[in-house]
2 protein chains.
Amino acid sequence: MSAPVEALPATAADLRLATFRLARRLRCVRVADSMSDAQLAVLMTLRLHGRRTITALAERERVTAPSMTSLINGLEEQGLVTRTTDDDDRRRVQVDVTEAGIGIVERTMQRRDELLIGAMRELELTAREVQILREAAALMGRLAER
Amino acid sequence: MSAPVEALPATAADLRLATFRLARRLRCVRVADSMSDAQLAVLMTLRLHGRRTITALAERERVTAPSMTSLINGLEEQGLVTRTTDDDDRRRVQVDVTEAGIGIVERTMQRRDELLIGAMRELELTAREVQILREAAALMGRLAER
DNA sequence: TATTGTTATACTCTATAACTATA
DNA sequence: TATAGTTATAGAGTATAACAATA
């Protein structure tokens, strides 16, 4: 039982608007004002996937290698990542997230989740509405992969 | 019938991740590479709400007045907005979006919606799943207001 | 030669401070 | 005096081009 074609455009428009609004609201929530989105994204990637080279990080974040060098410089100065020359291939630089870096990521995610949980409580969402959000999140993840 | 407390944290985490992923995917879709997110947001606001002063735009986009002046300079050079001195209060500058500016906004939204519609079709979402996204969008909009 | 990363340079977006014009 | 907007200046993030070190 596929969806009726006429429902798709309206759903797309609603979902586009809501996604940007909520992302914007969540992005405001930071641990430190000095942490940019770009820096936070790198820390999150390193925390999730472990050490990565500059080139690998640049490809994942879809920026150029010089841009990633600059980003890593800033994070390194703040003690949030470390650089290590790869012994097997001395052209390569392995980047690791430090404990401090992991702390930033985890506190940021925690605060953002607290905002969402607080909002869900204030709106007194029903069990069904929470379930809708849960299922929608899974669907949105699949949509984003296309 | 309020939601069980234990479902909220997991839902918050899923929704946070999915929202950022989908927003990021959609943000990639632009009409012109030269259009930044900041410029597009201003054009969208003007298209939706009509003429606005520099100060009003700065407050809405949560940037400083000098930043908005700079943004408007760039948009004006591209012929996407016009400046008009307010006759009632000659300190004020009214900014209007041009037809070209409206075209950029509409083509961008159209392309982003096409991406979502295409993805929903490829995934062969059921009528129920489309309905879930529709309802979730409304809920996300309310969450973002908190 | 090809790859990895950095440096040099430039443009945009952001900010704060200081300024001009107007109310 | 207060407000609206601009200019001056600086810092971060982005890019391309050119370079050094290594494979």
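Convention: sequence-line order gives letters A, B, ...; per-chain numbering from 1.
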Inset, instruction - State whether a side-chain donor-acceptor pair under 3.5 Å links A:T64 with A:S67. - result: yes
Legend entry - Degree of bending, the helix from C:dT1-D:dA23 to C:dA23-D:dT1 (end axes from five pairs; round to 10°): 10°
Inset, instruction - Could you tell me whether B:D37 and B:R30 have a side-chain N and a carboxylate O separated by less than 4.0 Å? - result: yes
Inset, instruction - With the side chain counted from C-beta on, respond yes when B:L123 and A:L143 share a heavy-atom pair under 4.5 Å apart, and no when they do not. - result: yes
Legend entry - No-H, no-angle donor-acceptor pair, B:R91 side chain to D:dT3 base, under 3.5 Å: yes
Inset, instruction - Would you indicate whether B:R27, at its atom CZ, is surrounded by more than 12 heavy atoms from other residues, nucleotides or ligands within a distance under 6.0 Å? - result: yes
Legend entry - Salt bridge flag under 4.0 Å for residues B:R128 and A:E135: yes
Inset, instruction - Look at the side-chain N and O atoms of B:T55 and state whether any lies under 4.0 Å from the OP1 or OP2 oxygen of D:dG5. - result: yes
Inset, instruction - Go through B:R111 and B:E106 one step at a time and tell me if the salt bridge (charged side-chain N to carboxylate O under 4.0 Å, His left out) criterion holds. - result: CA-CA 9 Å; B:R111 286 205 193 167; B:E106 293 186 344; over 6 Å; no
Legend entry - First encountered from the 5' end of DNA chain D, between B:A56 and A:D87: B:A56
Inset, instruction - Kindly give the heavy-atom pair with the smallest separation between A:A136 and B:A136, and that separation in Å. - result: CB-CB, 3.2 Å
Legend entry - Any donor-acceptor N/O pair under 3.5 Å between D:dT22 base and A:R90 side chain: no
Legend entry - Stepwise salt bridge (charged side-chain N to carboxylate O under 4.0 Å, His left out) check, A:E61 with B:R24: CA-CA 11 Å; A:E61 304 299 330; B:R24 180 167 191 160; 3.3 Å; yes
What protein N or O atoms touch nucleotides 10-14 of chain C N or O atoms at under 3.5 angstrom, if any, and at what distances?
{"unit_1": "C:dC13", "atom_1": "OP1", "unit_2": "B:S36", "atom_2": "OG", "d": "2.6"}

